K.L.:
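Below is the structure I would like to discuss, written out as structure tokens.
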Amino acid sequence: MLVHIIFKVNCILFFMEFEFVPVDFDYFDFEGRNYVRMIGRNEKGQKGCVVDFHDANFYVVLKKGADVKKIVEKIKEIEVRRSGRVTKVLRTEVLDKKFLGKSVKAVRIFVTNYKDAHDVASEIGDLDGIDKRREYDIPMVTKYIKESGVEPLRWYTVEGQEIEDENQLSGVANLNVDFCVLANKIKPSKNDKEFVPKILAYDIETNDREIGKGDVLMVSFFGDGIKKVLTWKKCGNAPNYVEFCEDEGKMIERFVECVNDYAPDILTGYFSDGFDLPYLKAVAERSGIDFGLGVDGKGPLFSRGRIPSGKISGIVHVDLYRFVDAVFSQYLQSETLSLNEVAKELVGEEKEDFDFSKLSNMKDLDWRDLFSYNLQDSVVTYKLMEKIWPDILEFSLIVKEPLFDVTRDRMATHVENYILHNLDRFNEIVEKRPMHNEIGERRAMGKYEGAFVFEPKPGLYENLVMFDFTSMYASVIVSYNLSKASLIEPHKKGNDLIVEFEKKKSFFPEMLEDIIKRRKKYKKELAQNPSGILKARSNAYKLLANAAYGYQGFFGARYYCREAAAATASFAKKNILGAIDKIKKAGYTIVYSDTDSIAFLQGSKTEKDILKFLSEINAGLPGIMELDLENFYKRGLFVLKRGGVGGAKKKYALVDEKGRIKIRGFETVRRDWCRLTRDLQSDVLSKILEDGDEKRALKVLKKVVEDLMKRKVGLDELMIRTQLRRGLGDYVSEGPHVVAAKKMEALGVPVSTGMLIEYFIGEGSGKRIGDRVHLAGDRVGYDVDYYLKNQILPAVENIFEVFGVDVKSVAEGSEQKKLF
DNA sequence: GCGGCGCTTATACC
DNA sequence: ACCGGTATAAGCGCCGC
């Protein structure tokens, strides 16, 4: 009774209501119950913590005719003892649910500790009448968001009481935040103003690339009202943004202090999961420094995985490289995902130059250059974050996962999370993740038949039309209802395996249709009212739609369905072949086609004729499928396969009416060919497309051949760059770039997987090209013969062949000239 | 010692 | 392991002669 009164008094005293936007999510258990801890901001911009109670739960799906009462009674008796905990079943609910679209009777089981849900589920496994156990493998935070409706980065009205007792709720009251509240009620707020995060960008410089091996020489920060470089190196006349610390340990302490004072929502770096944060942590440990970056005073935690992820309590650590790599890279022009290239493309800002070979002997001037370089990296990272923020925000809002995860998840996971968070309107229980053996089986299945590619007849064509299907594979999935839930169990009919899908729309195609509709809506709104947010929103839906097909064919997917993926490719093929047939029958000549696009000759038809014809084709297409006019092209060049028979697929050059050139597949767009070859080929292609003949292009070729023979070409134009995609010991075949990488390693240059290896081919003997591989600094002359025969001539040979010009004799002509 | 050829590897297209 | 299949092409490395 007394306890009750005190509780009431507490309520009256500390009851509060405020606006809150959750940014970071975490969970803990306290006295046998589960809580979610959200760090975010209130309407006054104060950073705080809201704790919400959440009962962990999962489902069992019952067999038809199961004795529900008996099962429930048995389930209630289950207890799991583990790591000194006892987890019990709190309560159960018997429900009518759906699983893969079918109606099922299910028991929802609430347990006292999330960590043991899996074990409780296993314990239940053997009971009679139980068909499946599901949702025990969904992360606690994801479950909470799904079931509470409290989503990241949206505004809520929170009713609750301040937590003041330091011993309460695992000590959340000790967090370094402005307020800490246990929620009674969290409801969506009318406040719809956009959340603007407080961002701090950082970057470190070290004297050894290997993590923790060298010293952290300096750390830079850039944010709203903060611009700083911390260092323990001595240097005269340093700019005023440099702050000197006594030693490396003091510098790291100061780093922690600066982050805590600034109290950002987001701490961002570029490749900081793999470098900056683990480096700082390692050096802090070595120096015996408390690296308490988090609001809980603890250091960053690194999750194990292929790439470690650095998590800081209460501050979202965002490694922009991860997001760019997972979500953006396929839409970027950049040949590498280095900060410099990506920032140049997206924000037009570049890094500064610094010659790192100076590190062993630094003068004051060099230090000042390095401070400036270090600061600029943070500036560039900050600007990149500002640019990409709308995309990160939209992804988080759409897939309803916290920032930390959204910035690290790959597209398949985004699609999966989108599904997970939208299943409730279908009353669906979530499918489980595939187990290890299941993944193995799926992968062992091998490939299924994919897209159709038309073999072009080499030649220079005039006046082409290009049609393409909008979001083809996604629209096929929707139009034919292809998914795991709609798959009718494949059955044999004679020797054929019959694979069919139900007509009634299942949840995946329905969600996808919604995604496509939204994409259209926001794209339209964007055209009328351009804004970064609308662009990001439209783009996020487009990306999700484009990843949907790959998701169903991905072996790690909960809703993996090989039949659906294969059927998607098959129906797509059927439709493009059908469209090609119609275009042919209408009297046009097909020039090329790849997957979802068709190029054909305009002939004597007008643009109006073409558009009318297009709408006729569209009238006959199934479901939401749609063929679109991509563009008209003035000229198009298609070439022969190298040394082979037939036209080369995935290789062509087009020029549109406005003179815009589109080059696909040629060496020009391949980063593993030297600059000289790429520039020459690009020049040759554009001259041919502009002129309609090869005369000017031939002059360009002759000039380059002569320059090369006279050795007037700079080495930088001859460097070949190839990515090292595995460890040096893992190669079966030792290609030139592997030889180059081994040479680098021998010189003490750190070599790692993913690096672009740069080398050139020098003069000398040796059977292999690899025997003549040299690094940039080597004092060896480049091999003119190699660059002529293995680079320049192969790249232009089949282009000139279209005009009946033999480049070998052209080159020999140049050689003759040189000899006489 | 050398040409042929299968295989490995990187990169691109959609 | 972190979305799929289709395609070109270089260069290695082995085989047979």
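Remember, predicted model here, so these are calculated numbers, not experimental data.
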K.L.:
A/D594 has an atom CG; how far is it from atom P of C/dG5, in whole Å?
P.N.:
15 Å
K.L.:
With a 4.0 Å limit, can you tell me whether A/R410 has a side-chain N or O closer than that to the phosphate oxygens OP1/OP2 of C/dA1?
P.N.:
no
K.L.:
Spell out yes or no: do the side chain of A/R642 and the base of C/dT8 have one donor N/O and one acceptor N/O closer than 3.5 Å?
P.N.:
no
K.L.:
Figure out the NZ/C1' separation between A/K651 and B/dC13, and round it to whole Å.
P.N.:
13 Å
K.L.:
How about A/Y782 and A/F760: are their ring centroids closer than 6.0 Å?
P.N.:
no
K.L.:
Using a distance-only criterion (donor-acceptor N/O pair, under 3.5 Å, no hydrogens), is the base of C/dC2 paired with the side chain of A/E416?
P.N.:
no
K.L.:
Can you tell me the distance, in whole Å, between the CG atom of A/D672 and the C1' atom of B/dT8?
P.N.:
14 Å
K.L.:
Measuring from the side chain of A/W673 (C-beta onward, heavy atoms only), which nucleotide among C/dA10, B/dC14, C/dG11 has the closest atom?
P.N.:
C/dA10
K.L.:
Would you say A/R768 reaches C/dG13's phosphate, i.e. side-chain N/O to OP1/OP2 under 4.0 Å?
P.N.:
yes
K.L.:
Regarding A/F452, tell me which of base, sugar-phosphate or nothing describes its non-hydrogen contacts under 4.0 Å with the strands shown.
P.N.:
nothing
K.L.:
Can you tell me how far C1' of B/dT11 sits from CZ of A/R678, to the nearest Å?
P.N.:
11 Å
K.L.:
Quick one: which of B/dC13, C/dC12, C/dG4 gets closest to the side chain of A/K650?
P.N.:
B/dC13
K.L.:
Students often get this wrong, so: under 4.0 angstrom with heavy atoms, is A/G550 touching a base, only sugar-phosphate, or nothing?
P.N.:
base
K.L.:
Return the value, rounded to whole Å, for the distance between atom NZ of A/K789 and atom P of C/dA10.
P.N.:
15 Å
K.L.:
Base, sugar-phosphate, or nothing for A/Q330, non-hydrogen atoms under 4.0 angstrom?
P.N.:
base
K.L.:
Determine the contact category for A/F469: base if any of its heavy atoms lies under 4.0 Å from a base atom, sugar-phosphate if only primed atoms, P, OP1 or OP2 are that close, otherwise nothing.
P.N.:
nothing
K.L.:
Using side-chain contact (heavy atoms from CB on, under 4.5 Å) as the criterion, list what pairs up with A/L793, not counting sequence neighbours.
P.N.:
A/L788, A/V807, A/A811
K.L.:
Would you check if the distance from the ring center of A/Y559 to the ring center of A/F508 is below 6.0 Å?
P.N.:
no
K.L.:
Does C/dA7 have OP1 or OP2 sitting under 4.0 Å from an N or O in the side chain of A/Y652?
P.N.:
no
K.L.:
Could you tell me whether a side-chain N or O of A/H421 sits under 3.5 Å from a main-chain N or O of A/K400, the two making a donor and an acceptor?
P.N.:
yes
K.L.:
Counting side-chain heavy atoms from C-beta on, which of C/dA7, B/dT11, B/dC14 comes nearest to A/K649?
P.N.:
C/dA7
K.L.:
Establish, with yes or no, whether the OP1 or OP2 oxygen of C/dG11 is under 4.0 angstrom from a side-chain nitrogen or oxygen of A/Y786.
P.N.:
yes
K.L.:
So, are A/D325 and A/R410 salt-bridged, with charged N and O less than 4.0 Å apart?
P.N.:
yes
K.L.:
Choose from C/dG11, B/dT9, B/dT11 the nucleotide whose nearest atom is closest to any side-chain atom of A/V732.
P.N.:
B/dT9
K.L.:
When you measure from the side chain of A/Q552 to the backbone of A/L482, do you find a donor-acceptor pair of N or O atoms at a distance under 3.5 Å?
P.N.:
yes
K.L.:
Name the closest nucleotide to the A/R726 side chain, picking from B/dT9, B/dA12, C/dG13.
P.N.:
B/dT9
K.L.:
A/F554 side chain: which of C/dA10, C/dC12, C/dC2 is closest?
P.N.:
C/dC2
K.L.:
Whether A/H737 contacts B/dT9 is assessed here as follows: a side-chain N or O lying under 4.0 Å from the phosphate OP1 or OP2. Is that the case?
P.N.:
no
K.L.:
Taking atom NZ as the centre, does A/K574 end up with more than 12 heavy-atom neighbours from other residues, nucleotides or ligands that are less than 6.0 angstrom away?
P.N.:
no
K.L.:
Looking at every strand, decide which applies to A/V669 at a 4.0 Å heavy-atom threshold: base, sugar-phosphate, or nothing.
P.N.:
sugar-phosphate
K.L.:
With a non-hydrogen cut-off below 4.0 angstrom, is A/N790 in contact with a base, only sugar-phosphate, or nothing?
P.N.:
sugar-phosphate
K.L.:
With nearest nucleotides of DNA chain C determined for A/N546 and A/V453 from heavy-atom distances, which residue corresponds to the more 5′ nucleotide?
P.N.:
A/N546
K.L.:
At under 4.0 Å between heavy atoms, what does A/K447 touch on the DNA or RNA strands: base, sugar-phosphate, or nothing?
P.N.:
base
K.L.:
Just the rounded figure in Å: distance from P of C/dT8 to CD of A/Q681.
P.N.:
16 Å
K.L.:
Is A/R725 near enough to B/dT11 that one of its side-chain N or O atoms lies under 4.0 angstrom from OP1 or OP2?
P.N.:
yes
K.L.:
Name the nucleic acid region contacted by A/R664, choosing base, sugar-phosphate or nothing; use a 4.0 angstrom heavy-atom cut-off, strictly under.
P.N.:
sugar-phosphate
K.L.:
Measure the distance from CD on A/E449 to P on C/dT6 and round it to the nearest whole Å.
P.N.:
7 Å
K.L.:
Using five pairs at either end of the helix from B/dG1-C/dC17 to B/dC14-C/dG4, determine the angle between the two local helix axes and round it to 10 degrees.
P.N.:
10°
K.L.:
Below 4.0 angstrom from OP1 or OP2 of B/dA12, is there any side-chain N or O of A/R670?
P.N.:
no
K.L.:
Give a yes/no answer on whether the side chain of A/Q723 brings an N or O atom under 4.0 Å of OP1 or OP2 in B/dT11.
P.N.:
yes
K.L.:
Separation of A/Y592 atom OH from C/dT6 atom P, in whole Å?
P.N.:
14 Å
K.L.:
Given the rule in the side chain to side chain donor-acceptor pair (under 3.5 Å) test, do A/S570 and A/E449 qualify, once you have shown the distances and angles that lead to the verdict?
P.N.:
CA-CA 7 Å; A/S570 167; A/E449 194 182 312; over 6 Å; no
K.L.:
Do side-chain atoms of A/N618 reach the backbone of A/E626 as a donor and acceptor pair under 3.5 angstrom?
P.N.:
no
K.L.:
Going by side-chain contact (heavy atoms from CB on, under 4.5 Å), name the residues that satisfy it together with A/A557, two or more places apart in sequence or in a different chain.
P.N.:
A/E416, A/Y551, A/F554, A/Y560
K.L.:
Just to be sure I understand the rule, does A/F666 reach a base, reach only the sugar-phosphate, or reach nothing, if contact means heavy atoms closer than 4.0 Å?
P.N.:
nothing
K.L.:
Looking only at side-chain N and O atoms, does A/K641 come under 4.0 Å of OP1 or OP2 in C/dT8?
P.N.:
yes
K.L.:
Is a side-chain N or O of A/R642 found less than 3.5 angstrom from the main chain of A/P794, in a donor-acceptor match?
P.N.:
yes
K.L.:
Taking the same atom, P, in B/dA10 and in C/dC2, what whole-Å distance lies between them?
P.N.:
15 Å
K.L.:
A/G556 near the nucleic acid: base, sugar-phosphate alone, or nothing, with a heavy-atom cut-off under 4.0 Å?
P.N.:
nothing
K.L.:
Using a 4.0 Å heavy-atom cut-off across all strands, classify A/A547 as base, sugar-phosphate, or nothing.
P.N.:
base
K.L.:
If you pin A/I769 and A/N798 to their nearest nucleotides in DNA chain C, which one's is more 5'?
P.N.:
A/N798
